[in-house]
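Worksheet: the structure to be examined is printed underneath.
Everything numeric here is computed off the predicted structure, so don't read it as measured data. What you see below is based on every heavy atom in this structure, not just the backbone, and it leaves out hydrogens, waters and symmetry mates. Count residues from 1 along the sequence.
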Amino acid sequence: MATLRLGPLLRYADGSSATVWVEASRPCTAEARCADGAGGGTRTFQVAGHHYALIPVTGLTPGTTTAYEVLLNGVRVWPLPDSPFPPSVIRTADDGEREAEGGAFRVAFGSCRWAAPAAGEKDPVGTDALDTLAARMAADPTGERPDVLLLLGDQVYADEVSHDTRDWLAARRDLSEPPGAEVADYEEYTHLYYESWLDPEVRWLLSTVPSCMIFDDHDVVDDWNTSAAWLAGMRDTPWWRERLLSGLMSYWVHQHLGNLTPAELTTDPLYAAVRESPDGTDVLRAFAARADADPDSVRWSYRRDFGRVRLLMVDSRAARVLDEDRRAMLNPGAEAWVREQALADPGSCDHLLIGTSLPWLLPHLVHGAEAWDEALCAGERGARWARFGEKLRRAADLEHWAAFTRSFTALADLIAEVGSGPQAPATVLVLSGDVHHAYAAEPTWPEASRPDARVLQLTCSPVHNAIPLYIKVGFRLGWSGLGRALGRRLARHGRVPRPPVTWRRTGGPWFGNMLMTLTVRGRSARLRLDRTRGEKRGGARLETVMESELSA
């Protein structure tokens with residue numbers, strides 16, 4: 001009999017359709033059945049001995065909340081027997097009614113989540129914000145909940161595994177051989193997803209709140225695609241190719257597929273090829289190899305529209321150009337796609353959300369240091385400084401948007417363009433994570449190019465991780481007046497041109513495990529930051545530490 005190994009994850013939902021992702025123990029037909037008679041089913045597809053399905057659900061009624069169950073070969077496998085959680089539901093949008101009545105649309109977002117430890121074990125990094133959100137929702141099923149959850153990178157940590165996973169790896173292979181206590185292949189990646197997504201609270205949360213995801217470096221390895229020299233060194237190691245291909249393959253299966261709309265899935269040639277093959281491993285592996293060899297041939301970025309809220313989720317890892325003389329965060333194809341989507345259908349959105357795992361606007365000292373280091377690596381101060389710059393870049397993780405000066409400027413110019421004129425959205429918000437603290441920052445353009453929209457960098461990290469005290473001190477210094485002056489001094493030494501915008505911190509820095517929630521009503525927007533308090537065993541809760549109006 002087929003059993004449910006992982007999931008369900010509710011990935012997509014609009015006014016009449018949805019997609020639900022599952023992993024089964026064997027080939028089977030996977031179905032989702034709703035209480036109102038809507039539903040759908042599909043055969044599983046196989047990758048590396050694992051069996052998956054992305055179930056299309058159709059016939060839903062707009063503006064409703066409908067409980068659903070999952071069946072494998074006609075046998076109900078979800079909800080789990082004796083589940084303490086309310087039924088998983090699909091909430092469908094009725095954008096016209098919501099806009100007419102001034103209804104709210106809520107987006108919760110964050111990044112960087114280590115898997116929570118097993119039940120009864122002390123959590124070394126504090127309570128998981130997703131666990132706490134799930135507990136709050138389960139306790140009040142009719143209360144406030146996100147309409148969509150944005151997970152902005154580091155959903156799994158391939159290079160920083162838990163003690164339990166280390167023991168599992170050690171039972172499988174010799175950890176004295178590279179890559180040691182890190183994941184090495186597809187099977188080991190699946191173990192990371194089991195550890196992360198079988199957490200009972202998180203499993204239920206992901207079954208009932210639609211989610212959009214993007215990778216960051218730890219989904220593959222720390223500092224993934226920092227520089228051309230870094231990549232050349234990694235390609236010389238015997239384990240790198242298998243690690244990278246397995247990381248991209250597992251990301252496509254577990255995260256990327258669910259990011260796509262039903263219409264996109266019907267025209268996706270790779271999805272069709274994998275489903276039509278008795279075993280899609282070779283097809284998917286060839287795709288991953290092509291993505292590695294020619295990043296411009298693959299697009300991981302995607303667009304989702306939620307009524308008059310547009311999300312552009314931007315791949316700021318795999319789409320990079322690393323050659324020092326033409327270094328860019330996005331290759332030409334990716335950059336053109338982002339620009340096209342941001343400017344498409346003028347007047348059709350009230351809020352443009354740009355999701356990128358790496359913050360565009362950083363603390364001033366950090367920004368100055370990264371731009372300076374990029375100039376050194378490019379040879380602005382000679383070969384000796386270039387060698388020093390490359391060592392510093394890797395040691396200090398200097399590889400955010402600030403370390404890709406041309407791309408930083410291009411994004412500033414694009415935001416100013418899309419945010420200007422009578423059809424501009426009310427807000428343009430850059431949503432990011434990665435840096436293990438939260439803050440809000442507001443840019444200012446010269447008067448002649450200042451956009452009409454309210455523009456903010458909103459950064460929320462971590463969902464469940466930690467940061468050493470010395471880095472907390474460093475970030476506080478980075479935002480200070482002294483940090484700003486030091487950043488400018490470094491930029492002058494590197495002969496870095498002044499950035500096209502200035503910016504100021506409008507909130508934070510905040511530290512701890514947290515989530516931000518953006519609530520929009522028409523052209524107004526409100527931001528809330530919730531941080532975990534207490535331990536899971538003792539009744540942990542989300543405590544609001546900041547609320548702010550964001551409208552222009």
Side-chain angles (χ1 to χ4, degrees), residues 9-13 104-114 128-134 136-137 144-156 196 202 205-206 208-216 218-219 255 258-259 301-307 309-317 349 351-361 427-441 455-465 506-520 525-532 542 544-548 550:
L9 278 74
L10 176 61
R11 296 304 313 275
Y12 175 90
F105 178 79
R106 294 183 178 88
V107 179
F109 63 95
S111 81
C112 305
R113 179 178 176 266
W114 272 349
D128 187 336
L130 292 189
D131 272 356
T132 313
L133 174 62
R136 186 175 73 181
M137 288 172 49
E144 177 188 309
R145 62 164 58 196
D147 291 284
V148 65
L149 179 64
L150 307 186
L151 299 177
L152 294 167
D154 295 344
Q155 275 67 264
V156 293
S196 185
V202 170
L205 177 69
L206 294 177
T208 201
V209 176
S211 54
C212 297
M213 307 181 189
I214 195 69
F215 47 44
D216 198 23
H218 290 284
D219 289 76
Q255 299 190 52
N259 293 329
S301 301
Y302 58 95
R303 168 181 163 181
R304 292 281 298 275
D305 289 339
F306 306 95
V309 177
R310 179 177 301 171
L311 168 68
L312 295 184
M313 194 72 92
V314 178
D315 162 23
S316 49
R317 279 291 168 189
C349 73
H351 305 275
L352 174 61
L353 312 181
I354 300 175
T356 167
S357 62
L358 303 174
W360 172 53
L361 302 178
T427 67
V428 179
L429 306 175
V430 182
L431 312 182
S432 306
D434 179 70
V435 291
H436 290 206
H437 73 296
Y439 62 89
V455 180
L456 289 166
Q457 167 73 66
L458 303 177
T459 302
C460 183
S461 168
V463 169
H464 184 233
N465 210 311
T506 60
W510 297 283
F511 300 95
N513 294 326
M514 62 195 104
L515 283 170
M516 279 184 174
T517 300
L518 178 69
T519 302
V520 303
R526 188 171 185 84
L527 180 69
R528 187 181 75 233
L529 175 69
D530 293 326
R531 188 166 55 194
T532 62
L542 286 172
T544 299
V545 297
M546 179 275 294
E547 286 191 90
S548 177
L550 304 183

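To the nearest 0.5 angstrom, Met313 atom CE is 5.0 Å from Leu150 atom CG. Atom CG of Leu352 sits about 8.0 Å away from atom OG1 of Thr427, to the nearest 0.5 Å. Rounded to the nearest 0.5 angstrom, Leu206 CG and Leu149 CG are separated by 6.5 Å. Taken from SG in Cys460 to CG in Leu515, the straight-line distance is 5.5 Å, to the nearest 0.5 Å. Taken from CE in Met546 to CZ in Arg528, the straight-line distance is 10.0 Å, to the nearest 0.5 Å.
Contact of the Leu429 side chain with the Leu527 side chain is not registered, since no non-hydrogen atoms from C-beta on lie closer than 4.5 Å. Side-chain contact check for Thr208 versus Met137: some heavy-atom pair is nearer than 4.5 Å. Using a 4.5 Å heavy-atom threshold, the side chains of Ser461 and His437 count as separate. At least one side-chain heavy atom of Asp128 sits less than 4.5 Å from a side-chain heavy atom of Val463. At least one side-chain heavy atom of Cys212 sits less than 4.5 Å from a side-chain heavy atom of Phe306. Taking the side chain as every heavy atom from C-beta outward, His218 and Cys112 never approach each other to under 4.5 Å. Counting heavy atoms from C-beta outward, Leu550 and Leu518 have side chains that approach closer than 4.5 Å.
When atom types are taken as modelled, the side chain of Asn259 and the backbone of Met213 share a donor-acceptor pair closer than 3.5 angstrom. With hydrogens and angles disregarded, no donor-acceptor distance shorter than 3.5 Å links the side chain of Thr356 to the backbone of Ser432. Between the side chain of His464 and the backbone N or O of Trp114, at least one donor-acceptor pair lies under 3.5 Å. Distance alone, capped at 3.5 Å, places no donor-acceptor pair between the Thr532 side chain and the Ala129 backbone. A donor-acceptor pair under 3.5 Å is formed between the side chain of Gln457 and the backbone N or O of Trp360. Checking side-chain atoms of Arg531 against main-chain N and O of Asn513 turns up no donor-acceptor pair under 3.5 Å. Panel note: side chain Arg310, backbone Ile354; no donor-acceptor pair is recorded below 3.5 Å. Side-chain atoms of Asp154 never come within 3.5 Å of backbone atoms of Arg113 as a donor-acceptor pair (strictly under, hydrogens ignored).
Contact between Trp510 and Met514 at its shortest, heavy atoms only, is O-CE, 3.5 Å. Minimum heavy-atom separation, Thr517 to Ala108: OG1-CB, 4.0 Å. For the residue pair Ser357 and Asp434, the shortest heavy atom distance occurs at O-CB, 3.4 Å. For the pair Val202 and Ser196, the tightest heavy-atom approach, listed with the atom from each and the gap, is CG1-O, 4.1 Å. Taking all atoms of both residues into account, the shortest heavy-atom contact from Gln255 to Arg11 is O-NH1, 2.9 Å.
No salt bridge links Arg106 with Asp147; every basic N to acidic carboxylate O contact stays at or beyond 4.0 Å. Ion pairing of Arg303 with Asp305 is present here, as a side-chain N (NZ or NE/NH1/NH2) and a carboxylate O approach within less than 4.0 Å.
The side-chain contact (heavy atoms from CB on, under 4.5 Å) test with Asp530 singles out one residue from Val545, Leu133, Leu542, and that residue is Leu542. Of the candidates Asp216, Leu152, Val435, Asp216 is the only one forming a side-chain contact (heavy atoms from CB on, under 4.5 Å) with Leu358. Partner Tyr439 forms a side-chain contact (heavy atoms from CB on, under 4.5 Å) with one of Leu529, Leu458, Thr506, Thr459 and no other, that one being Thr459.
Inspection of the Ser548 and Arg526 side chains reveals no N or O donor paired with an N or O acceptor under 3.5 Å.
Scored by the ring-ring contact (aromatic ring centres under 6.0 Å, His included) test, Phe215 finds Trp224, Tyr251, Trp300 as partners (sequence neighbours excluded).
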